[in-house]
Amino acid sequence: MNDRKDKFCSRMEQIPPSGIRKFFELCIGHDDIISLGVGEPDFPTPWVIREEAFYHLEKGHTSYTSNWGLIELREEISKYLKKYNLHYDAQTEILPTVGASEGLDLVLRSILNPGDEIIVCEPCYVSYQPLSVLCEANVIHLDTSKTNFVPTAESIESVITPKTKAIMFCSPSNPTGRMIPYEELKKIADVIKKHKIWCLSDEIYCELVYDNQKHISIAEFDGMKDYTIIFNGFSKSFAMTGWRIGYIAAPHDLLVLCCKLHAYNSICPPIFSQYAAAEGLRSAWSEVEKMRISYQQRRNLMHSAFIEMGLPCVEPEGAFYMFPDIRPTGMTSEEFATELIQKHNVAVVPGTCFGSGGEGFIRCCYATDVNKIKIAMARIGEMVKEKLNK
Amino acid sequence: MEEILDLLKQNARLSIEDIAAMTKKTPDEVSAIIKKLEDDGVILKYVAIVNPEKDKVAQEKVLAEIQIQVQPQREHGFDAIADRIYRFPQVKSLYLMSGGYDLKVLIEGDNLKDVALFVSEKLSTLEGVRSTKTNFVLKTYKENDIVYVENERDRREGVQA
(Lines give C-alpha, C1' and ligand atoms only; values in the text may rest on other atoms or scores of the structure.)
Protein backbone atom coordinates (compact mmCIF):
# COMPACT_ATOMS: atom_id res chain seq x y z
CA MET A 1 0.00 0.00 0.00
CA ASN A 2 1.29 3.39 -0.89
CA ASP A 3 1.09 5.23 2.42
CA ARG A 4 3.46 7.99 1.48
CA LYS A 5 2.06 11.22 3.00
CA ASP A 6 2.91 13.46 0.07
CA LYS A 7 1.82 11.16 -2.69
CA PHE A 8 -0.63 13.76 -3.99
CA CYS A 9 -0.09 17.35 -5.05
CA SER A 10 -0.75 19.56 -2.05
CA ARG A 11 -2.34 22.28 -4.15
CA MET A 12 -5.14 19.88 -5.08
CA GLU A 13 -6.18 19.89 -1.42
CA GLN A 14 -6.71 23.62 -1.58
CA ILE A 15 -9.40 23.37 -4.19
CA PRO A 16 -12.81 22.10 -3.12
CA PRO A 17 -14.89 19.80 -5.29
CA SER A 18 -17.67 21.61 -7.13
CA GLY A 19 -20.53 22.17 -4.68
CA ILE A 20 -22.91 21.56 -7.54
CA ARG A 21 -21.79 17.95 -7.70
CA LYS A 22 -23.15 17.25 -4.23
CA PHE A 23 -26.66 18.19 -5.27
CA PHE A 24 -26.36 16.12 -8.38
CA GLU A 25 -25.68 13.11 -6.19
CA LEU A 26 -28.80 13.81 -4.13
CA CYS A 27 -30.80 13.54 -7.37
CA ILE A 28 -29.50 10.13 -8.43
CA GLY A 29 -32.12 7.43 -8.38
CA HIS A 30 -35.08 9.77 -7.87
CA ASP A 31 -37.06 9.82 -11.09
CA ASP A 32 -39.72 12.13 -9.74
CA ILE A 33 -37.26 14.93 -9.04
CA ILE A 34 -37.56 17.91 -11.33
CA SER A 35 -34.17 19.41 -11.80
CA LEU A 36 -33.70 23.13 -12.22
CA GLY A 37 -30.07 22.48 -11.44
CA VAL A 38 -28.77 21.83 -14.92
CA GLY A 39 -26.55 24.27 -16.73
CA GLU A 40 -27.24 23.44 -20.34
CA PRO A 41 -29.88 23.84 -23.04
CA ASP A 42 -32.76 21.38 -23.16
CA PHE A 43 -32.63 21.33 -26.97
CA PRO A 44 -30.53 18.89 -28.94
CA THR A 45 -27.95 20.48 -31.24
CA PRO A 46 -29.64 21.85 -34.39
CA TRP A 47 -29.80 19.16 -37.05
CA VAL A 48 -27.87 21.14 -39.65
CA ILE A 49 -24.89 21.10 -37.26
CA ARG A 50 -25.16 17.41 -36.44
CA GLU A 51 -25.50 16.60 -40.12
CA GLU A 52 -22.32 18.51 -40.93
CA ALA A 53 -20.47 16.37 -38.39
CA PHE A 54 -21.79 13.17 -40.01
CA TYR A 55 -20.54 14.37 -43.37
CA HIS A 56 -17.03 14.88 -42.08
CA LEU A 57 -17.02 11.58 -40.19
CA GLU A 58 -18.13 9.83 -43.39
CA LYS A 59 -15.38 11.54 -45.32
CA GLY A 60 -12.91 10.21 -42.79
CA HIS A 61 -11.97 13.60 -41.41
CA THR A 62 -10.90 12.15 -38.10
CA SER A 63 -7.38 13.49 -37.65
CA TYR A 64 -5.86 16.14 -35.41
CA THR A 65 -6.05 19.64 -36.74
CA SER A 66 -3.42 22.32 -36.36
CA ASN A 67 -3.03 23.39 -32.72
CA TRP A 68 -4.54 26.66 -33.86
CA GLY A 69 -7.61 24.84 -35.11
CA LEU A 70 -9.17 24.80 -38.58
CA ILE A 71 -8.69 28.10 -40.37
CA GLU A 72 -12.20 27.61 -41.77
CA LEU A 73 -13.60 27.77 -38.24
CA ARG A 74 -11.45 30.71 -37.19
CA GLU A 75 -12.56 32.65 -40.22
CA GLU A 76 -16.21 32.07 -39.36
CA ILE A 77 -15.56 33.14 -35.76
CA SER A 78 -13.76 36.25 -36.95
CA LYS A 79 -16.73 37.16 -39.18
CA TYR A 80 -19.17 36.44 -36.38
CA LEU A 81 -17.38 38.67 -33.86
CA LYS A 82 -17.89 41.66 -36.14
CA LYS A 83 -21.52 41.50 -35.05
CA TYR A 84 -20.30 42.87 -31.70
CA ASN A 85 -17.97 45.46 -33.24
CA LEU A 86 -15.01 43.21 -32.55
CA HIS A 87 -12.20 42.80 -35.05
CA TYR A 88 -10.09 39.71 -34.47
CA ASP A 89 -7.71 38.31 -37.05
CA ALA A 90 -8.56 34.71 -37.91
CA GLN A 91 -4.88 33.77 -38.35
CA THR A 92 -3.43 35.20 -35.17
CA GLU A 93 -6.04 36.30 -32.62
CA ILE A 94 -8.48 33.39 -32.29
CA LEU A 95 -7.77 30.00 -30.69
CA PRO A 96 -10.42 27.22 -30.70
CA THR A 97 -10.33 25.29 -27.40
CA VAL A 98 -11.96 22.25 -25.84
CA GLY A 99 -14.87 24.31 -24.53
CA ALA A 100 -14.43 27.75 -23.06
CA SER A 101 -13.34 25.89 -19.89
CA GLU A 102 -10.05 24.79 -21.42
CA GLY A 103 -9.56 28.33 -22.68
CA LEU A 104 -9.87 29.70 -19.18
CA ASP A 105 -7.30 27.28 -17.82
CA LEU A 106 -4.87 28.14 -20.64
CA VAL A 107 -5.22 31.87 -20.06
CA LEU A 108 -4.93 31.76 -16.27
CA ARG A 109 -1.79 29.66 -16.52
CA SER A 110 -0.40 32.02 -19.13
CA ILE A 111 -0.89 35.23 -17.14
CA LEU A 112 -0.73 34.42 -13.43
CA ASN A 113 2.46 34.23 -11.38
CA PRO A 114 2.38 32.92 -7.80
CA GLY A 115 1.21 35.74 -5.55
CA ASP A 116 -0.54 37.69 -8.29
CA GLU A 117 -4.03 38.86 -7.48
CA ILE A 118 -7.01 38.15 -9.67
CA ILE A 119 -10.28 39.90 -8.93
CA VAL A 120 -13.22 37.59 -9.51
CA CYS A 121 -16.69 39.12 -9.65
CA GLU A 122 -18.87 36.78 -7.63
CA PRO A 123 -21.16 34.91 -7.56
CA CYS A 124 -19.63 33.29 -10.61
CA TYR A 125 -19.12 30.07 -12.50
CA VAL A 126 -17.54 27.40 -10.32
CA SER A 127 -14.22 26.98 -12.11
CA TYR A 128 -12.78 30.51 -11.97
CA GLN A 129 -11.49 30.26 -8.45
CA PRO A 130 -10.03 26.73 -8.34
CA LEU A 131 -8.18 27.21 -11.62
CA SER A 132 -6.69 30.44 -10.28
CA VAL A 133 -5.69 28.73 -7.04
CA LEU A 134 -3.81 26.08 -9.03
CA CYS A 135 -1.74 28.96 -10.42
CA GLU A 136 -0.97 29.95 -6.80
CA ALA A 137 -2.65 33.28 -7.38
CA ASN A 138 -4.61 35.09 -4.70
CA VAL A 139 -8.25 35.30 -5.59
CA ILE A 140 -9.88 38.57 -4.56
CA HIS A 141 -13.57 37.81 -4.17
CA LEU A 142 -15.61 40.79 -5.28
CA ASP A 143 -19.10 40.39 -3.87
CA THR A 144 -21.56 41.96 -6.30
CA SER A 145 -24.70 41.16 -4.31
CA LYS A 146 -24.94 44.70 -2.92
CA THR A 147 -25.32 46.08 -6.43
CA ASN A 148 -27.86 43.55 -7.66
CA PHE A 149 -25.12 41.30 -8.97
CA VAL A 150 -23.71 43.83 -11.41
CA PRO A 151 -20.04 44.65 -10.71
CA THR A 152 -19.34 48.38 -10.64
CA ALA A 153 -16.21 50.23 -11.72
CA GLU A 154 -16.03 51.80 -8.28
CA SER A 155 -16.12 48.51 -6.39
CA ILE A 156 -13.53 47.04 -8.75
CA GLU A 157 -11.16 49.97 -8.34
CA SER A 158 -11.49 49.79 -4.56
CA VAL A 159 -9.85 46.33 -4.51
CA ILE A 160 -7.10 46.97 -7.04
CA THR A 161 -3.58 46.79 -5.60
CA PRO A 162 -0.16 46.86 -7.25
CA LYS A 163 -0.36 43.05 -7.32
CA THR A 164 -3.60 42.97 -9.27
CA LYS A 165 -3.01 41.17 -12.53
CA ALA A 166 -6.47 40.54 -13.84
CA ILE A 167 -10.17 40.84 -13.34
CA MET A 168 -12.72 38.28 -14.42
CA PHE A 169 -16.45 38.53 -14.95
CA CYS A 170 -19.22 36.89 -16.93
CA SER A 171 -21.93 38.91 -18.65
CA PRO A 172 -24.65 37.75 -19.17
CA SER A 173 -23.87 35.97 -15.94
CA ASN A 174 -23.97 32.42 -14.74
CA PRO A 175 -25.49 32.12 -12.09
CA THR A 176 -27.47 35.38 -11.92
CA GLY A 177 -28.44 36.06 -15.53
CA ARG A 178 -27.52 39.73 -15.03
CA MET A 179 -25.81 41.81 -17.70
CA ILE A 180 -23.44 44.69 -17.06
CA PRO A 181 -25.06 47.80 -18.58
CA TYR A 182 -23.22 49.73 -21.29
CA GLU A 183 -22.39 52.78 -19.13
CA GLU A 184 -20.98 50.70 -16.28
CA LEU A 185 -18.99 48.52 -18.66
CA LYS A 186 -17.46 51.65 -20.18
CA LYS A 187 -16.39 52.85 -16.72
CA ILE A 188 -14.96 49.43 -15.91
CA ALA A 189 -12.98 49.61 -19.17
CA ASP A 190 -11.47 52.93 -18.03
CA VAL A 191 -10.41 51.43 -14.69
CA ILE A 192 -8.81 48.47 -16.48
CA LYS A 193 -6.84 50.69 -18.87
CA LYS A 194 -5.76 52.99 -16.06
CA HIS A 195 -4.33 50.12 -14.00
CA LYS A 196 -3.18 48.03 -16.98
CA ILE A 197 -4.75 44.77 -15.89
CA TRP A 198 -6.09 41.89 -17.94
CA CYS A 199 -9.83 41.68 -18.35
CA LEU A 200 -11.08 38.11 -18.61
CA SER A 201 -14.50 38.43 -20.16
CA ASP A 202 -16.62 35.29 -20.19
CA GLU A 203 -19.15 35.90 -22.97
CA ILE A 204 -20.43 32.35 -23.38
CA TYR A 205 -24.06 33.47 -22.93
CA CYS A 206 -23.84 36.44 -25.31
CA GLU A 207 -26.47 35.11 -27.72
CA LEU A 208 -28.98 34.45 -24.95
CA VAL A 209 -30.10 38.00 -24.25
CA TYR A 210 -33.74 38.99 -23.95
CA ASP A 211 -36.23 41.79 -24.56
CA ASN A 212 -34.41 43.37 -27.49
CA GLN A 213 -31.31 44.08 -25.45
CA LYS A 214 -27.94 43.57 -27.03
CA HIS A 215 -24.81 42.03 -25.63
CA ILE A 216 -21.84 44.39 -25.44
CA SER A 217 -18.31 43.10 -25.26
CA ILE A 218 -15.93 45.17 -23.15
CA ALA A 219 -13.36 44.65 -25.90
CA GLU A 220 -15.30 47.00 -28.18
CA PHE A 221 -14.29 50.08 -26.16
CA ASP A 222 -11.41 52.13 -27.42
CA GLY A 223 -8.05 50.57 -26.53
CA MET A 224 -9.62 47.64 -24.69
CA LYS A 225 -8.66 44.98 -27.20
CA ASP A 226 -5.12 45.05 -25.80
CA TYR A 227 -6.38 44.17 -22.31
CA THR A 228 -9.33 41.89 -23.01
CA ILE A 229 -9.45 38.12 -23.28
CA ILE A 230 -12.80 36.95 -24.61
CA PHE A 231 -14.02 33.46 -23.75
CA ASN A 232 -16.81 32.20 -25.90
CA GLY A 233 -18.08 28.96 -27.37
CA PHE A 234 -20.90 26.99 -28.88
CA SER A 235 -22.21 25.08 -25.86
CA LYS A 236 -24.95 27.46 -24.79
CA SER A 237 -26.00 29.43 -27.86
CA PHE A 238 -25.90 26.48 -30.29
CA ALA A 239 -26.85 23.81 -27.73
CA MET A 240 -23.52 22.02 -28.22
CA THR A 241 -22.38 21.28 -24.66
CA GLY A 242 -21.30 17.73 -25.45
CA TRP A 243 -19.17 18.72 -28.44
CA ARG A 244 -16.63 20.52 -26.25
CA ILE A 245 -15.87 23.39 -28.53
CA GLY A 246 -15.15 26.98 -27.56
CA TYR A 247 -12.56 29.61 -28.27
CA ILE A 248 -10.42 32.44 -26.95
CA ALA A 249 -10.16 35.77 -28.78
CA ALA A 250 -7.20 37.71 -27.41
CA PRO A 251 -3.99 39.57 -28.30
CA HIS A 252 -1.61 37.44 -30.35
CA ASP A 253 1.31 37.43 -27.89
CA LEU A 254 -0.92 35.93 -25.19
CA LEU A 255 -2.44 33.40 -27.58
CA VAL A 256 1.02 32.16 -28.56
CA LEU A 257 1.57 31.14 -24.91
CA CYS A 258 -1.92 29.66 -24.65
CA CYS A 259 -1.41 27.68 -27.83
CA LYS A 260 1.90 26.30 -26.55
CA LEU A 261 0.12 24.87 -23.50
CA HIS A 262 -2.91 23.83 -25.57
CA ALA A 263 -0.59 21.78 -27.81
CA TYR A 264 0.65 19.90 -24.74
CA ASN A 265 -2.63 19.30 -22.95
CA SER A 266 -5.27 18.78 -25.60
CA ILE A 267 -3.71 19.35 -29.04
CA CYS A 268 -6.99 20.55 -30.55
CA PRO A 269 -10.74 20.24 -30.09
CA PRO A 270 -12.24 17.24 -31.96
CA ILE A 271 -12.05 17.95 -35.68
CA PHE A 272 -15.70 17.16 -36.37
CA SER A 273 -16.72 19.53 -33.57
CA GLN A 274 -14.71 22.23 -35.30
CA TYR A 275 -16.35 21.60 -38.68
CA ALA A 276 -19.78 21.42 -37.05
CA ALA A 277 -19.26 24.67 -35.14
CA ALA A 278 -18.26 26.44 -38.35
CA GLU A 279 -21.45 25.20 -39.99
CA GLY A 280 -23.41 26.46 -36.98
CA LEU A 281 -22.02 29.94 -37.51
CA ARG A 282 -22.89 29.75 -41.20
CA SER A 283 -26.39 28.36 -41.07
CA ALA A 284 -27.98 27.70 -37.69
CA TRP A 285 -29.06 31.24 -36.81
CA SER A 286 -32.78 30.69 -37.23
CA GLU A 287 -32.53 27.75 -34.83
CA VAL A 288 -30.55 29.83 -32.34
CA GLU A 289 -33.25 32.50 -32.48
CA LYS A 290 -36.02 29.93 -31.91
CA MET A 291 -34.24 28.65 -28.83
CA ARG A 292 -33.66 32.18 -27.56
CA ILE A 293 -37.35 33.06 -27.82
CA SER A 294 -38.30 29.86 -26.07
CA TYR A 295 -35.91 30.63 -23.19
CA GLN A 296 -37.29 34.14 -22.95
CA GLN A 297 -40.86 32.85 -22.62
CA ARG A 298 -39.85 30.40 -19.95
CA ARG A 299 -37.87 33.09 -18.13
CA ASN A 300 -41.01 35.23 -18.01
CA LEU A 301 -43.05 32.30 -16.71
CA MET A 302 -40.58 31.44 -13.96
CA HIS A 303 -40.02 35.05 -12.98
CA SER A 304 -43.72 35.78 -12.53
CA ALA A 305 -44.02 32.64 -10.39
CA PHE A 306 -41.22 33.74 -8.03
CA ILE A 307 -42.71 37.21 -7.67
CA GLU A 308 -46.10 35.69 -6.99
CA MET A 309 -44.78 33.45 -4.22
CA GLY A 310 -43.15 36.44 -2.57
CA LEU A 311 -39.48 35.83 -3.27
CA PRO A 312 -37.69 38.94 -4.57
CA CYS A 313 -36.00 38.26 -7.87
CA VAL A 314 -34.43 40.64 -10.33
CA GLU A 315 -35.54 39.76 -13.83
CA PRO A 316 -32.39 38.42 -15.52
CA GLU A 317 -31.48 39.99 -18.86
CA GLY A 318 -29.68 36.96 -20.24
CA ALA A 319 -28.37 33.38 -19.93
CA PHE A 320 -30.93 30.84 -18.70
CA TYR A 321 -30.67 31.20 -14.95
CA MET A 322 -32.70 32.96 -12.33
CA PHE A 323 -31.28 33.86 -8.94
CA PRO A 324 -34.17 34.46 -6.54
CA ASP A 325 -33.65 35.79 -3.02
CA ILE A 326 -34.77 33.17 -0.50
CA ARG A 327 -33.92 35.18 2.63
CA PRO A 328 -37.60 35.88 3.42
CA THR A 329 -37.84 32.18 4.37
CA GLY A 330 -35.18 32.65 7.04
CA MET A 331 -33.19 29.74 5.65
CA THR A 332 -29.67 29.55 4.29
CA SER A 333 -29.23 28.62 0.63
CA GLU A 334 -27.98 25.19 1.54
CA GLU A 335 -30.85 24.51 3.97
CA PHE A 336 -33.36 25.69 1.41
CA ALA A 337 -31.94 23.61 -1.44
CA THR A 338 -31.55 20.51 0.73
CA GLU A 339 -35.09 20.63 2.10
CA LEU A 340 -36.46 21.41 -1.35
CA ILE A 341 -34.90 18.35 -2.88
CA GLN A 342 -35.60 16.02 0.03
CA LYS A 343 -39.19 17.01 0.78
CA HIS A 344 -40.45 18.60 -2.41
CA ASN A 345 -38.49 16.82 -5.16
CA VAL A 346 -37.09 19.89 -6.87
CA ALA A 347 -33.36 20.31 -7.41
CA VAL A 348 -31.86 23.80 -7.45
CA VAL A 349 -28.31 24.92 -6.72
CA PRO A 350 -27.53 26.89 -3.54
CA GLY A 351 -26.10 30.32 -4.33
CA THR A 352 -23.14 29.57 -2.07
CA CYS A 353 -21.77 27.19 -4.71
CA PHE A 354 -20.94 30.26 -6.78
CA GLY A 355 -18.77 32.11 -4.29
CA SER A 356 -19.25 35.19 -2.15
CA GLY A 357 -22.55 37.02 -2.31
CA GLY A 358 -24.42 33.83 -3.15
CA GLU A 359 -25.70 33.16 0.38
CA GLY A 360 -29.43 33.77 0.55
CA PHE A 361 -30.01 32.92 -3.10
CA ILE A 362 -30.61 29.84 -5.23
CA ARG A 363 -29.89 29.26 -8.91
CA CYS A 364 -32.76 27.95 -11.00
CA CYS A 365 -32.31 27.07 -14.64
CA TYR A 366 -35.31 27.69 -16.87
CA ALA A 367 -34.02 25.70 -19.83
CA THR A 368 -36.58 23.13 -18.76
CA ASP A 369 -39.91 21.99 -20.18
CA VAL A 370 -42.77 24.44 -19.50
CA ASN A 371 -44.88 21.84 -17.71
CA LYS A 372 -41.97 20.87 -15.53
CA ILE A 373 -41.30 24.50 -14.68
CA LYS A 374 -44.91 24.87 -13.64
CA ILE A 375 -44.86 21.82 -11.39
CA ALA A 376 -41.50 22.84 -9.92
CA MET A 377 -42.71 26.36 -9.21
CA ALA A 378 -45.85 25.01 -7.52
CA ARG A 379 -43.68 22.79 -5.33
CA ILE A 380 -41.28 25.62 -4.46
CA GLY A 381 -44.28 27.86 -3.79
CA GLU A 382 -45.70 25.31 -1.38
CA MET A 383 -42.49 25.20 0.63
CA VAL A 384 -42.07 28.98 0.60
CA LYS A 385 -45.64 29.47 1.80
CA GLU A 386 -45.04 27.07 4.66
CA LYS A 387 -41.91 28.98 5.69
CA LEU A 388 -43.38 32.47 5.33
CA ASN A 389 -46.37 31.53 7.48
CA LYS A 390 -44.20 30.36 10.31
CA MET B 1 -49.96 38.13 -31.82
CA GLU B 2 -47.51 35.95 -33.77
CA GLU B 3 -45.82 34.94 -30.54
CA ILE B 4 -49.08 33.75 -29.03
CA LEU B 5 -49.91 31.88 -32.21
CA ASP B 6 -46.51 30.18 -32.14
CA LEU B 7 -47.01 29.12 -28.53
CA LEU B 8 -50.44 27.66 -29.29
CA LYS B 9 -49.13 25.87 -32.36
CA GLN B 10 -46.68 24.07 -30.10
CA ASN B 11 -49.12 23.49 -27.25
CA ALA B 12 -52.77 24.43 -27.60
CA ARG B 13 -53.45 23.50 -24.00
CA LEU B 14 -51.33 26.25 -22.47
CA SER B 15 -53.51 28.23 -20.11
CA ILE B 16 -54.32 31.90 -20.70
CA GLU B 17 -52.45 32.70 -17.47
CA ASP B 18 -49.30 30.88 -18.58
CA ILE B 19 -49.34 32.49 -22.00
CA ALA B 20 -49.79 35.86 -20.30
CA ALA B 21 -46.79 35.22 -18.04
CA MET B 22 -44.66 33.96 -20.91
CA THR B 23 -45.38 36.91 -23.19
CA LYS B 24 -45.58 39.58 -20.46
CA LYS B 25 -49.18 40.47 -21.24
CA THR B 26 -52.25 40.49 -19.01
CA PRO B 27 -54.62 37.52 -19.18
CA ASP B 28 -57.28 39.86 -20.58
CA GLU B 29 -54.99 40.96 -23.39
CA VAL B 30 -54.16 37.35 -24.23
CA SER B 31 -57.84 36.36 -24.24
CA ALA B 32 -58.64 39.24 -26.56
CA ILE B 33 -55.85 38.31 -28.96
CA ILE B 34 -56.87 34.65 -29.05
CA LYS B 35 -60.50 35.63 -29.58
CA LYS B 36 -59.49 37.81 -32.50
CA LEU B 37 -57.39 35.00 -33.98
CA GLU B 38 -60.40 32.71 -33.69
CA ASP B 39 -62.88 35.25 -35.03
CA ASP B 40 -60.65 36.04 -38.00
CA GLY B 41 -60.38 32.35 -38.79
CA VAL B 42 -56.63 32.33 -38.22
CA ILE B 43 -57.13 29.69 -35.55
CA LEU B 44 -59.62 27.20 -36.93
CA LYS B 45 -59.77 24.65 -34.16
CA TYR B 46 -57.82 22.91 -31.41
CA VAL B 47 -57.21 19.20 -31.94
CA ALA B 48 -55.23 16.33 -30.47
CA ILE B 49 -52.43 14.94 -32.60
CA VAL B 50 -52.56 11.16 -32.46
CA ASN B 51 -49.52 9.04 -33.12
CA PRO B 52 -50.72 6.59 -35.80
CA GLU B 53 -48.01 4.14 -34.77
CA LYS B 54 -49.50 3.89 -31.27
CA ASP B 55 -53.25 4.28 -31.76
CA LYS B 56 -54.92 0.91 -32.41
CA VAL B 57 -57.59 2.31 -34.73
CA ALA B 58 -55.16 4.43 -36.71
CA GLN B 59 -52.79 1.47 -37.00
CA GLU B 60 -55.39 -0.45 -38.99
CA LYS B 61 -56.02 2.38 -41.45
CA VAL B 62 -54.52 2.57 -44.89
CA LEU B 63 -53.12 5.84 -46.16
CA ALA B 64 -52.55 6.53 -49.86
CA GLU B 65 -51.34 9.40 -51.95
CA ILE B 66 -53.18 9.77 -55.26
CA GLN B 67 -51.63 11.81 -58.02
CA ILE B 68 -54.30 13.11 -60.37
CA GLN B 69 -53.96 14.74 -63.76
CA VAL B 70 -57.00 16.81 -64.65
CA GLN B 71 -58.29 18.90 -67.47
CA PRO B 72 -58.74 22.41 -66.02
CA GLN B 73 -62.13 23.95 -66.72
CA ARG B 74 -62.71 27.27 -68.39
CA GLU B 75 -63.41 30.04 -65.82
CA HIS B 76 -62.95 27.69 -62.86
CA GLY B 77 -59.43 26.41 -63.48
CA PHE B 78 -58.72 23.62 -60.99
CA ASP B 79 -60.93 24.95 -58.22
CA ALA B 80 -64.19 23.39 -59.34
CA ILE B 81 -62.81 19.88 -59.52
CA ALA B 82 -60.83 20.35 -56.31
CA ASP B 83 -64.04 21.41 -54.62
CA ARG B 84 -65.73 18.17 -55.65
CA ILE B 85 -62.81 16.11 -54.38
CA TYR B 86 -62.16 17.60 -50.97
CA ARG B 87 -65.77 17.19 -49.87
CA PHE B 88 -65.32 13.41 -49.64
CA PRO B 89 -64.66 12.57 -45.99
CA GLN B 90 -62.04 10.02 -47.09
CA VAL B 91 -59.87 12.88 -48.37
CA LYS B 92 -57.50 13.98 -45.62
CA SER B 93 -55.55 16.53 -47.64
CA LEU B 94 -55.65 18.01 -51.10
CA TYR B 95 -53.01 20.08 -52.84
CA LEU B 96 -52.69 21.68 -56.27
CA MET B 97 -49.18 20.86 -57.47
CA SER B 98 -46.72 22.09 -60.01
CA GLY B 99 -44.81 19.43 -61.99
CA GLY B 100 -45.88 16.17 -63.57
CA TYR B 101 -49.40 16.02 -62.19
CA ASP B 102 -51.99 18.48 -60.90
CA LEU B 103 -53.71 17.36 -57.72
CA LYS B 104 -52.25 15.45 -54.83
CA VAL B 105 -54.86 13.77 -52.67
CA LEU B 106 -54.22 11.99 -49.38
CA ILE B 107 -56.82 9.33 -48.77
CA GLU B 108 -57.46 7.35 -45.62
CA GLY B 109 -59.39 4.11 -45.79
CA ASP B 110 -60.13 1.11 -43.60
CA ASN B 111 -58.27 -1.23 -45.92
CA LEU B 112 -56.58 -1.49 -49.29
CA LYS B 113 -59.78 -2.43 -51.10
CA ASP B 114 -61.58 0.51 -49.58
CA VAL B 115 -59.03 2.93 -51.03
CA ALA B 116 -58.88 1.17 -54.39
CA LEU B 117 -62.64 1.30 -54.75
CA PHE B 118 -62.75 4.95 -53.81
CA VAL B 119 -60.15 5.80 -56.42
CA SER B 120 -61.69 3.74 -59.21
CA GLU B 121 -65.30 4.60 -58.51
CA LYS B 122 -65.20 8.12 -57.18
CA LEU B 123 -62.03 9.86 -58.29
CA SER B 124 -61.33 8.37 -61.74
CA THR B 125 -64.88 8.85 -62.83
CA LEU B 126 -65.01 12.57 -62.06
CA GLU B 127 -65.42 14.68 -65.15
CA GLY B 128 -62.09 16.23 -66.11
CA VAL B 129 -59.92 13.57 -64.43
CA ARG B 130 -57.49 12.29 -67.06
CA SER B 131 -55.45 9.89 -64.98
CA THR B 132 -54.76 8.74 -61.42
CA LYS B 133 -51.74 7.12 -59.84
CA THR B 134 -52.07 5.55 -56.40
CA ASN B 135 -49.15 5.26 -53.97
CA PHE B 136 -49.67 3.61 -50.60
CA VAL B 137 -47.98 5.01 -47.51
CA LEU B 138 -45.97 2.33 -45.74
CA LYS B 139 -44.89 4.22 -42.63
CA THR B 140 -45.21 7.75 -41.29
CA TYR B 141 -42.00 9.10 -39.85
CA LYS B 142 -42.86 12.75 -39.50
CA GLU B 143 -45.95 14.79 -40.22
CA ASN B 144 -46.55 18.49 -39.72
CA ASP B 145 -43.32 18.93 -37.74
CA ILE B 146 -44.17 16.03 -35.44
CA VAL B 147 -41.83 13.06 -35.42
CA TYR B 148 -43.75 9.85 -34.74
CA VAL B 149 -40.97 7.34 -34.54
CA GLU B 150 -38.93 8.45 -31.53
CA ASN B 151 -39.59 9.50 -27.98
CA GLU B 152 -37.95 12.65 -26.79
CA ARG B 153 -36.31 12.27 -23.45
CA ASP B 154 -34.33 14.67 -21.31
CA ARG B 155 -30.89 13.06 -21.20
CA ARG B 156 -29.21 15.75 -19.16
CA GLU B 157 -27.71 14.87 -15.81
CA GLY B 158 -29.48 16.22 -12.76
CA VAL B 159 -27.35 19.08 -11.53
CA GLN B 160 -24.42 20.65 -13.31
CA ALA B 161 -22.54 23.83 -13.77
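Chain A is the first sequence line, chain B the second, and so forth, proteins listed ahead of strands; every chain is numbered from 1.
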S.K.: Report which part of B:L7 has an atom under 4.5 Å of a heavy atom belonging to chain A: side chain, backbone, both, or neither.
M.R.: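 Only the side chain of B:L7 comes within 4.5 Å of chain A.
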S.K.: If we define contacts as heavy-atom pairs under 4.5 Å, which of A:L301, A:N371, A:I33 has the most with chain B?
M.R.: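 The option with the most such pairs is A:L301.
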S.K.: Heavy-atom cut-off 4.5 Å, strictly under: side chain, backbone, both or neither for A:D369 against chain B?
M.R.: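 Contact with chain B: none, neither part.
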S.K.: Please classify the contact between A:T241 and chain B as side chain, backbone, both or neither, with a heavy-atom cut-off of under 4.5 Å.
M.R.: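 Neither; nothing under 4.5 Å.
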S.K.: How long is the span from the OG1 atom in B:T23 to the CD atom in A:Q296, to the nearest 0.5 Å?
M.R.: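 Reported value, rounded in 0.5 Å steps: 10.0 Å.
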S.K.: How close do B:M22 and A:V370 get, counting heavy atoms only, and between which atoms?
M.R.: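 Nearest pair, atom of B:M22 first, then A:V370: CE-CG2, 3.7 Å.
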S.K.: Who among A:K372, A:R299, A:K374, A:Q297 has the most heavy-atom pairs with chain B under 4.5 Å?
M.R.: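 Highest number of heavy-atom pairs under 4.5 Å: A:Q297.
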S.K.: Counting only heavy atoms not in B:Q59, do more than 12 sit closer than 6.0 Å to its CD atom?
M.R.: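 Yes - once you tally the heavy atoms of other residues, nucleotides and ligands closer than 6.0 Å, there are more than 12.
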S.K.: Looking at A:D32, I want to see if its CG is surrounded by more than 12 non-hydrogen atoms of other residues, nucleotides or ligands under 6.0 Å.
M.R.: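 Correct, the count exceeds 12.
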S.K.: Which bit of A:E308 comes within less than 4.5 Å of chain B, counting heavy atoms only: side chain, backbone, both or neither?
M.R.: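 Neither part; nothing is under 4.5 Å.
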S.K.: Surrounding NZ of B:K122 (heavy atoms of other residues, nucleotides or ligands, distance under 6.0 Å), is the total greater than 12?
M.R.: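 Atom NZ in B:K122 is not packed in, count stays at 12 or less.
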S.K.: I need the residue from A:A367, A:C365, A:S127, A:G242 with the largest number of non-hydrogen atom pairs under 4.5 Å to chain B.
M.R.: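 Option with the top pair count is A:A367.
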S.K.: Should we count OH of B:Y46 as having more than 12 external heavy atoms under 6.0 Å?
M.R.: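 Yes - once you tally the heavy atoms of other residues, nucleotides and ligands closer than 6.0 Å, there are more than 12.
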S.K.: With a 6.0 Å cut-off (strictly less than), is the heavy-atom count around CZ of A:R50, excluding the residue itself, greater than 12?
M.R.: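 More than 12 within 6.0 Å, yes.
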